[in-house]
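Positions are given from 1 along the sequence.
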Amino acid sequence: MFLNKIIITYNSMFLYNFVIITNNKTMKQSNTKWLFRIPLIILAVVILYFGMAILVAYITDYKPQLSEKLPIIAQGSEKNISESEHEFSILSWNIGYCGLGEEQDFFYDGGKMVNPSSELYQKYLNGIFNILKKLDYLDFIMLQEVDIESKRTLRTNQVDAIAEGLSKMSHVTALNYDVKYVPIPVLSPMGRVKAGMVTLSRYLPFAADRVGFDANFNWWKRIFMLDRCIIVTRHKLASGKELVMINVHNSAFDDENVIKPIELNTIKTLMMKEYQRGNFVIAGGDWNQNPPKFDPKSIDKSWNPTTIKPLISETLFPSDWKWVFSNTLPSNRFNDKPYKKGENKTTIIDFFLVSPNVTVNSIETINLDFKLSDHQPILMTFDIAPDTTAVMEKE
């Protein structure tokens, strides 16, 4: 009987040890399964996140017509242009939504940053506002990348702020970026973006239109990108002709050069048609391409100048049309890192194009050393000749 007790006790201990060993193996197997499941769970969350973002963007996608009338806010502008005025002035500036000053880079351009801090945003906003306020004597101002309601700029309305500061000028606004939620970068998404272009004038235009382009990226990319357009404003002259002003902000990130040619041809068709009618036509802004015959060697090498290929073709317009830019200073710097002169590449993508019946008197790039934006403002003065008639044949 004693022997039997010993055997029973031994068997019980063996069974107990066996159960413990079995449970340890089970726990290890369970932990191993969880290790395999974690990547799958992360992948599922990412798919759900982007799936929801795509669904929201698709449902709420901003779909403007190719041509839309724009409201004109008169404010204190003069009603008519006097053709006896011997000279007019126009400024174009991509203000980079007051978020791309010298301390910033941008993740789309190879940098790491997304949105400026509130302190930097206020610095850029105040700086740009003060410069524009000092330029309220100009006849025309064309602005690009102006935020209206965006997370990146604390949901402030920059159009209202600028218009209030330039109260003697009429203004027209066209949206070209309206996305409810941009989901990238994942750890710090851009979120809500609403922005556009603004044309201000000391004279009240009689008509203003948003003209879009019949080209865009694939739908899955397009719903998160800009819907590019131009603003066309028209001013009646005493001769019955018109001064037609075109605010330009053409596509970037078109590496295959598919969309840019369509945009340029749309602008060409419109400008040529207006000139054939005897009108005076000026287009200016951020073309996101170098102008014809641009040579980076004309800029001091301390700016680290470069080209963005392909340049706009020299044959796009007839030879008597004028591409107007200052070839001594860059108008744009690359955003792959915060700005430091000589380290960032620079180039010229901001310029004007004028019809043959417009006389250019001067062109200047205002050197702000990219402290407030990744673009420099450009200033042109010009004359129009009211007795000039277009002699071009329709193509």
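Between Leu138 and Arg202, the shortest heavy-atom distance links the atoms O-CB, 4.0 Å. Summarising the geometry of Ile148 relative to Val159, their closest heavy-atom pair is CG1-CG2, 3.8 Å, with the distance given to 0.1 Å. When all heavy atoms of Met169 and Asp136 are compared, the closest pair comes out as SD-O, 4.5 Å. Closest approach of Ile348 and Pro330 over heavy atoms only: CG1-CA, 4.0 Å. Looking at every heavy atom in both residues, Ile299 comes nearest to Thr328 through CG2-O, 3.8 Å. When every heavy atom of Gln289 is checked against every heavy atom of Pro310, the shortest pair comes out as NE2-O, 3.0 Å.
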- Message: Using the rule given for side chain to side chain contact (heavy atoms under 4.5 Å, CB included), can you reason through Thr156 versus Asp147, listing the C-alpha separation, both sets of side-chain angles and the distance that settles it, and then say yes or no?
- Response: CA-CA 7 Å; Thr156 54; Asp147 268 10; 6.0 Å; no
- Query: side chain to side chain contact (heavy atoms under 4.5 Å, CB included) between Asn126 and Gln122: does it pass, once the steps are laid out?
  - Reply: CA-CA 6 Å; Asn126 291 340; Gln122 202 63 51; 3.3 Å; yes
- Could you walk me through whether Phe88 and Leu243 pass side chain to side chain contact (heavy atoms under 4.5 Å, CB included), step by step? CA-CA 11 Å; Phe88 298 91; Leu243 175 60; 5.6 Å; no
- Task: Assess whether side chain to side chain contact (heavy atoms under 4.5 Å, CB included) is satisfied between Asn94 and His249, documenting all intermediate values.
- Result: CA-CA 9 Å; Asn94 182 330; His249 189 193; 3.7 Å; yes
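Other residues sharing the hydrophobic cluster of Ile59, ordered by chain and number and joined by side-chain separations under 4.5 Å: Leu55.
Counting non-hydrogen atoms of neighbouring residues, nucleotides and ligands closer than 6.0 angstrom, the NZ atom of Lys151 exceeds 12 such neighbours. Annotation: Asp369, atom CG; neighbour count of heavy atoms from other residues, nucleotides and ligands within 6.0 Å is above 12. The environment of CD in Glu343 is crowded: more than 12 heavy-atom neighbours from other residues, nucleotides or ligands sit within 6.0 Å. Heavy-atom neighbours of Lys341 NZ from other residues, nucleotides or ligands within 6.0 Å: above the threshold of 12.
Between Glu263 and Arg228 there is no salt bridge, since none of the side-chain N atoms of the basic residue sits less than 4.0 Å from a carboxylate O of the acidic one. The existence of a salt bridge linking Asp178 and Lys194 is excluded, since no basic side-chain nitrogen approaches an acidic carboxylate oxygen closer than 4.0 Å. Using a 4.0 Å cut-off between charged side-chain N and carboxylate O, Glu274 and Arg234 make a salt bridge.
Taking the side chain as every heavy atom from C-beta outward, Glu103 and Lys123 approach each other to under 4.5 Å. Side-chain atoms of Gln376 and Asn367, non-hydrogen and from C-beta on, do get closer than 4.5 Å to each other.
Ile308 and Leu264 fall into different hydrophobic clusters, where Ile, Leu, Val, Met, Phe, Trp and Tyr are joined by side-chain heavy atoms under 4.5 Å apart, directly or via other members.
Judged purely by atom type and a 3.5 angstrom limit, Thr347 uses its side chain to pair as donor or acceptor with the backbone of Thr306. For Lys322 (side chain) and Val358 (main-chain N/O), a donor-acceptor pair under 3.5 Å exists by modelled atom type. At distances below 3.5 Å, not a single donor-acceptor pair connects side-chain atoms of Thr233 with backbone N or O atoms of Pro205.
The aromatic rings of Trp321 and Phe317 sit tilted relative to each other, their planes meeting at an angle between 30° and 60°. Between His235 and Tyr203, the ring-plane angle classifies as perpendicular under the 30° and 60° cut-offs.
Among the candidates Val248, Val360, Ile378, the single residue satisfying the side-chain contact (heavy atoms from CB on, under 4.5 Å) test with Phe352 is Ile378.
Judged by the 6.0 Å and 45° rule, Arg152 forms a cation-pi pair with Tyr97. Figure legend: cation-pi geometry between Lys293 and Trp323 absent, as NZ or CZ is not positioned both under 6.0 Å from the six-membered ring centre and within 45° of its axis.
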Compile the donor-acceptor pairs under 3.5 Å between side chains in residues 65-73 and protein atoms, sequence neighbours left out, one pair per line.
{"from": "Glu68", "atom 1": "OE2", "to": "Gln65", "atom 2": "N", "distance (Å)": "2.8"}
{"from": "Lys69", "atom 1": "NZ", "to": "Asp209", "atom 2": "OD1", "distance (Å)": "3.2"}

